[in-house]
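Given the structure is predicted, the values throughout are model-derived calculations rather than measurements.
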Amino acid sequence: MPRPEKRSRPLYRKKRFLIPIGLLLVALGAFAVVTHLAKQAEERRQIVLAERARFADYLEAQEARYLKIGLLTDRQRAQLRRSTNAVHVEAAQRLGITPVAERDDVLDQADEAGLVNVNTENPYYWVDDLTHSVPYATPDAAAALDSIGVRFQQKLASFGLPPYKFFVTSVLRTQEDQERLRGVNVNAAQGTSSHEFGTTFDLQFRAYRYAGDPADELWEPAFPFLKEEFAAELTAFYARMEELYRSRLLALLGETMIELEDEGKLITVMERRQPVFHTTVARPLAEPTAAP
């Protein structure tokens, strides 16, 4: 007697069996993707943490550099007060222009007198909002300002610090300006002022402004957003350092003034009632203009 044929399982039952396997494979694939993404995210987080830790170490090392700058000594302060007003006036009269009587006459006489506008963009100093003077100086005085700026920034760089600009708070005064100033400033000269000759300027020594470019100083971190983050933080950091260590920046600027006075390029006095270096160019410093 023939055996009965073995009946095969219906097709729908085979498919029903395959469905759980397919779902399992999909779930395993999704789990693998999620795991991979989680691993990538964790690796990214660790890299970011490492970069930020490196940046924090860098800031700590930079702050330590400020502390290596010595403060002004009593001897240096004495050196910064060795010139008298009479010495400033003598140099100003010898090297400067004929005093201008009124403010309205300055612009008309600036070109004729050979004055230059120092209130222009430069890497060394900022000209403050002037109320009792105008931002004009002789070419020699302008060259003296540049000499101070170059020497000051060289000293900063020698300590591994970024450039800072100093502030110019007074330049050329007309006789009208000088008369008005006597009413509000006890330091204003009662007689002739060296500021009237375009050879003299005042430098603020208790305020400075960071003038570097963070992008030039920073390394290339792993992610672009960190470069932007670090650049903003570095700018704010150097502004805080100026507030904390301006007495040390003063020491470097003071050393600069002493050296340039010793070299016969300028004369200066560290005023007592105002935080400025009252400074007059002492000899011709500007490059001669080529004949046309």
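- In this structure, the side chains of Thr256 and Gln154 stay at 4.5 Å or more apart for every pair of heavy atoms.
- Judged purely by atom type and a 3.5 angstrom limit, Asp213 uses its side chain to pair as donor or acceptor with the backbone of Ala215.
- Considering only heavy atoms from C-beta on, Thr199 stays 4.5 Å or farther from Gln93 through its side chain.
- With hydrophobic clusters built from ILVMFWY side chains whose heavy atoms lie under 4.5 angstrom apart, Phe152 shares a cluster with Met241.
- For the atom pair Leu250 CG and Leu71 CG, the distance stands at 8.5 Å (nearest 0.5 Å).
- The salt bridge (charged side-chain N to carboxylate O under 4.0 Å, His left out) analysis of residues 199-208, with sequence neighbours excluded, yields the pairs Arg173-Asp202.
- Heavy-atom minimum distance, Phe201 versus Ala141: CE2-O, 3.6 Å.
- Every residue meeting the salt bridge (charged side-chain N to carboxylate O under 4.0 Å, His left out) condition with Arg82, not counting sequence neighbours, appears here in chain and number order: Glu261, Asp262.
- A centroid separation of less than 6.0 Å is found between the aromatic rings of His195 and His278.
- Aromatic ring orientation, Tyr58 versus Trp219: perpendicular (interplanar angle above 60°, classes split at 30° and 60°).
- The shortest side-chain heavy-atom distance between Pro99 and Thr174 does not fall under the 4.5 Å cut-off.
- Of the inter-residue distances, the one linking Arg54 atom CZ with Leu49 atom CG reads 15.0 Å to the nearest 0.5 angstrom.
- For residues 108-125, the set of pairs meeting the side-chain hydrogen bond (donor to acceptor under 3.5 Å, both in side chains) definition, not counting sequence neighbours, comprises Glu121-Lys165.
- The two residues Gln62 and Tyr238 come nearest to each other via the heavy atoms NE2-OH, 2.8 Å.
- Contact record, Leu218 with Ala231: CD1-N, 3.6 Å, taken as the closest heavy-atom pair.
- In this structure, OH on Tyr210 lies 13.5 Å from CD on Glu242, to the nearest 0.5 angstrom.
- When hydrophobic clusters are built by joining Ile, Leu, Val, Met, Phe, Trp and Tyr residues whose side-chain heavy atoms come closer than 4.5 Å, directly or via intermediates, Leu253 is grouped together with Ile69.
- Of the listed residues (Phe223, Phe55, Phe225), just one forms a ring-ring contact (aromatic ring centres under 6.0 Å, His included) with Phe230, and that residue is Phe55.
- The side-chain heavy atoms of Leu95 and Pro284, taken from C-beta on, include a pair separated by under 4.5 Å.
- Remark: Arg246 fails to qualify as a cation-pi partner of Tyr208 under the 6.0 Å distance and 45° angle criteria applied to the six-membered ring.
- Once rounded to the nearest 0.5 Å, the distance linking CG of Leu203 with OG of Ser170 reads 10.5 Å.
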Stepwise ring pair (Phe, Tyr, Trp, His ring centres under 6.0 Å) test for Phe277 and Phe205: CA-CA 7 Å; Phe277 289 120; Phe205 59 66; 5.1 Å; yes
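- Taken together through direct or relayed side-chain contacts under 4.5 Å among Ile, Leu, Val, Met, Phe, Trp and Tyr, Met257 and Val118 form part of one hydrophobic cluster.
- Of the possible donor and acceptor atoms, none in the side chain of Glu51 sits under 3.5 Å from a partner among the backbone N and O of Leu226.
- Closest non-hydrogen pair, Val171 versus Val134, comes out as CB-O, 3.3 Å.
- For the pair Leu234/Leu59, a side-chain contact is recorded, criterion being any heavy-atom separation below 4.5 Å from C-beta on.
- Within the structure, the side-chain hydrogen bond (donor to acceptor under 3.5 Å, both in side chains) test picks out the following pairs touching residues 138-153 (sequence neighbours left out): Arg151-Glu259, Arg151-Glu263.
- Glu179 and Gln175 form no side-chain donor-acceptor contact under 3.5 Å, judged by distance and modelled atom types alone.
- Note on Met270: it clusters hydrophobically with Val168, by side-chain heavy-atom contacts below 4.5 Å among ILVMFWY residues.
- For the atom pair Glu60 CD and Phe237 CZ, the distance stands at 9.5 Å (nearest 0.5 Å).
- In terms of modelled atom types and a separation under 3.5 Å, the side chain of Glu217 and the main chain of Pro214 share no donor-acceptor contact.
- Linking Ile, Leu, Val, Met, Phe, Trp and Tyr whenever their side-chain heavy atoms come within less than 4.5 Å puts Ile148 and Leu252 in one cluster.
- Shown here for Leu80 and Gly254, the closest heavy-atom pair between the two residues is CD2-O, 3.8 Å.
- A donor and an acceptor atom, one from each side chain of Gln204 and Trp126, are nowhere located under 3.5 Å apart.
- Of all heavy-atom pairs spanning Gly198 and Leu172, the tightest one is N-CD1, 3.4 Å.
- In this structure the side chain of Val281 never reaches within 4.5 angstrom of the side chain of Lys265, judged on heavy atoms.
- Screening residues 85-103 for salt bridge (charged side-chain N to carboxylate O under 4.0 Å, His left out), with sequence neighbours left out, gives Glu90-Arg94, Arg103-Asp177.
- No side-chain heavy atom of Val100 sits under 4.5 Å from any side-chain heavy atom of Phe197.
- For the pair Leu67/Tyr245, a side-chain contact is recorded, criterion being any heavy-atom separation below 4.5 Å from C-beta on.
- Checking His88 against Thr280 by side-chain atom types alone, a donor-acceptor pair falls below 3.5 Å.
- Within 6.0 Å of CG in Asp74 there are 12 or fewer heavy atoms belonging to other residues, nucleotides or ligands.
- Ion pair Arg52/Glu229 flagged as a salt bridge, since at least one NZ, NE, NH1 or NH2 atom sits closer than 4.0 Å to an Asp/Glu carboxylate oxygen.
- With salt bridges taken as basic N to acidic carboxylate O contacts below 4.0 Å, none links Glu243 and Arg240.
- Checked against salt bridge (charged side-chain N to carboxylate O under 4.0 Å, His left out), Arg75 has no partners two or more places apart in sequence or in another chain.
- How far CG of Leu266 is from OG1 of Thr279: 6.0 Å, rounded to the nearest 0.5 Å.
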